[in-house]
Amino acid sequence: MALRVYNTLTGEKEIFVPLIPGKAGMYVCGVTVYDYCHIGHARAGMVFDIIYRYLKYTGYDVTYVRNYTDIDDKIINRANQEGTDYRTIADRYIQAFDEDMARLGLAKPTVEPKATDHIGGIISIIETLVAKGHAYASDGDVYYAVETFPGYLKLSGRTLEEMQAGARVEVGDKKRHPMDFALWKGSKPGEPWWQSPWGNGRPGWHIECSAMSMEFLGRTFDIHGGGKDLVFPHHENEIAQSEAANGCQFVRYWLHNGFVNINSEKMSKSLGNFFTIREVLKKYDPETLRLFILSAHYRSPIDFSDQNLDEAQSGLERIYSCLAALDEVLAGKSLPPEAAVRETLSQAGLELQEKVDQFIPRFVEAMDDDFNTAQALGVLFETVRGANRFLAETKEMTPLSLSLIAQVRHLFAEAGSVLGLFTVSPAAWLEGVKSAKAGKIDISPEEIERLIAERTESRSAKNFKRGDEIRDLLLAKGIQLLDSAQGTTWNVK
RNA sequence: GGCGCGUUAUCCAAGAGGCUAGGAGCCGGUCUGCAAAACCGUUAACGUCGGUUCGAAUCCGACACGCGCCUCCA
């Protein structure tokens with residue numbers, strides 16, 4: 001089976017055929033750096049991170065470009081508010097973005113260009129557009145004439161008439177058509193500017209992506225991604241600019257991720273209902289957030305809530321607990337050479353072997369179907385159950401059993417490298433979750449240990465009443481006791 | 001107003017004309033002095049009304065509800 005991707009341009013899943021066999025060029029719209037990133041940005045980042053990883057996993061030589069928009073009205077406004085210059089703001093939030101993405105475990109793109117480093121390329125495209133009659137200068141600005149591009153709005157599947165029926169488009173005197181958009185904006189006093197044939201000014205929002213993608217990926221490339229909210233106007237305008245300037249197809253496959261919702265409503269700056277990545281990571285670890293995002297298809301909306309994150313954490317805990325158990329069995333054991341293995345497996349072992357054999361084919365099948373991570377996770381969870389069952393039923397580890405367990409462990413590492421999961425050692429991850437919860441209790445570990453000792457004494461004296469009292473007391477404080485043959489340990493509930 | 005998307009069991013969520021998705025939870029079992037934790041097992045569903053079909057959650061139509069885009073937004 002070949003990789004199939006949903007292409008916004010055609011509205012269908014299509015078999016992915018790269019422009020150059022074995023290579024894939026991918027451009028994803030990054031962020032405008034004027035504030036901290038929210039969970040919506042995290043989702044976009046993770047979705048395309050997984051697409052990038054999966055393309056590499058299946059053998060493509062991928063060039064992944066993700067830009068920073070470091071000049072824009074919002075950055076200038078922010079700078080004015082703080083009484084500083086645009087560069088200070090941009091640099092500060094570029095750094096914050098890098099920190100956030102690193103904490104989320106995103107692989108570094110091949111190139112991360114900044115708009116302001118590509119002013120020359122931007123001006124040159126605008127000149128071409130003016131020369132070809134697709135753009136016109138007007139009072140220091142340059143606008144794109146949308147009526148000169150027949151394919152305008154082909155990505156969002158609309159017409160100019162329909163768009164204007166919305167009647168929310170401001171008619172500016174500088175524009176010939178209300179839908180025309182700025183390629184170059186003349187600078188007002190006090191604003192940052194660059195020299196251009198049309199006077200001092202700065203680029204409009206959309207043109208930078210045309211310039212940077214052309215610079216690093218060429219006039220036509222394979223995949224362009226971003227959030228659904230970029231379909232119009234941003235990506236529509238990119239198509240108009242690039243195709244009119246270059247006279248060839250701009251992008252072969254357009255991929256768009258769905259929103260993160262709060263109470264079924266889009267999370268956005270303008271609605272004010274957003275959580276920053278930093279806030280969320282104080283409460284949940286990055287892989288929990290990742291599992292949450294992977295649990296739904298990337299094009300569907302997902303509802304961000306504590307309940308959903310808690311469920312994701314429980315699910316991840318289930319996998320990590322299994323991996324920890326596998327690691328424990330494997331610790332210090334050397335595996336026999338394949339040929340020496342001759343014993344037969346138990347029923348549970350045969351079932352697990354079946355899961356192991358099917359693992360990669362099923363995983364790949366799910367991912368090939370437009371990156372269906374939710375289905376891919378199902379494969380992992382089924383394997384967890386098979387492994388747990390096998391561990392529970394296997395009293396004595398034969399060389400063959402060990403080899404089977406080692407295979408399972410390896411498969412999780414392999415799938416994890418594509419999904420960006422299991423980057424931490426299982427024992428360490430479980431410990432991390434435990435200590436994070438421990439920060440929220442109002443009883444000291446010493447006090448807990450003292451009560452546990454008292455309870456152990458009572459129990460050995462068959463004074464179960466006192467023992468249970470202590471257990472209930474601790475439970476009321478959120479401390480869960482775990483009795484085992486090796487003694488009693490505790491957990492924060 | 002125009003255009004588009006969605007509605008799957010208690011909740012989250014995949015699937016897509018006949019073939020166990022999965023997770024969280026509930027319940028049952030193993031373990032335990034009793035529990036808890038852990039593990040195992042198990043349950044249940046396709047918004048409403050019509051139509052196509054041997055067969056529809058899946059295709060078609062209408063309706064209801066929710067959401068998105070049409071303005072900066074991942």
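Quick note on labels: first sequence line is chain A, next is B, and so on, each numbered from 1.
- Put simply, the side chain of A:E311 and the base of B:rG23 share a donor and an acceptor less than 3.5 Å apart.
- Residue-to-nucleotide contacts include no donor-acceptor pair under 3.5 Å from the side chain of A:R299 to the base of B:rC5.
- Side chain of A:R158, nearest nucleotide from B:rA14, B:rC11, B:rG2: B:rG2.
- Contacts of A:G258 with the nucleic acid, taken as non-hydrogen atoms under 4.0 Å apart, include base atoms.
- A:R43 comes within contact range of no nucleotide atom at all, as no heavy-atom separation falls under 4.0 Å.
- The distance from atom CE of A:M163 to atom P of B:rG4 is 14 Å, rounded to the nearest whole Å.
- Using a 4.0 Å heavy-atom cutoff across all strands shown, A:L230 reaches sugar-phosphate atoms only and no base atom.
- Counting distance only, with no hydrogens placed and no angle test, the side-chain atoms of A:R459 and the base atoms of B:rG33 include a donor-acceptor pair under 3.5 Å.
- One P atom belongs to B:rU42, the other to B:rC34, and the distance between them is 26 Å to the nearest Å.
- Residue contacts shown for A:S268 include a base, since a base heavy atom lies under 4.0 Å away.
- Side-chain atoms of A:R471 come within donor-acceptor range of the base of B:rC34, with a qualifying N/O pair under 3.5 Å.
- Taking only distance into account, the side chain of A:N388 never meets the base of B:rA38 through a donor-acceptor pair shorter than 3.5 Å.
- Put simply, A:K266 has a side-chain N or O that comes within less than 4.0 Å of OP1 or OP2 on B:rC69.
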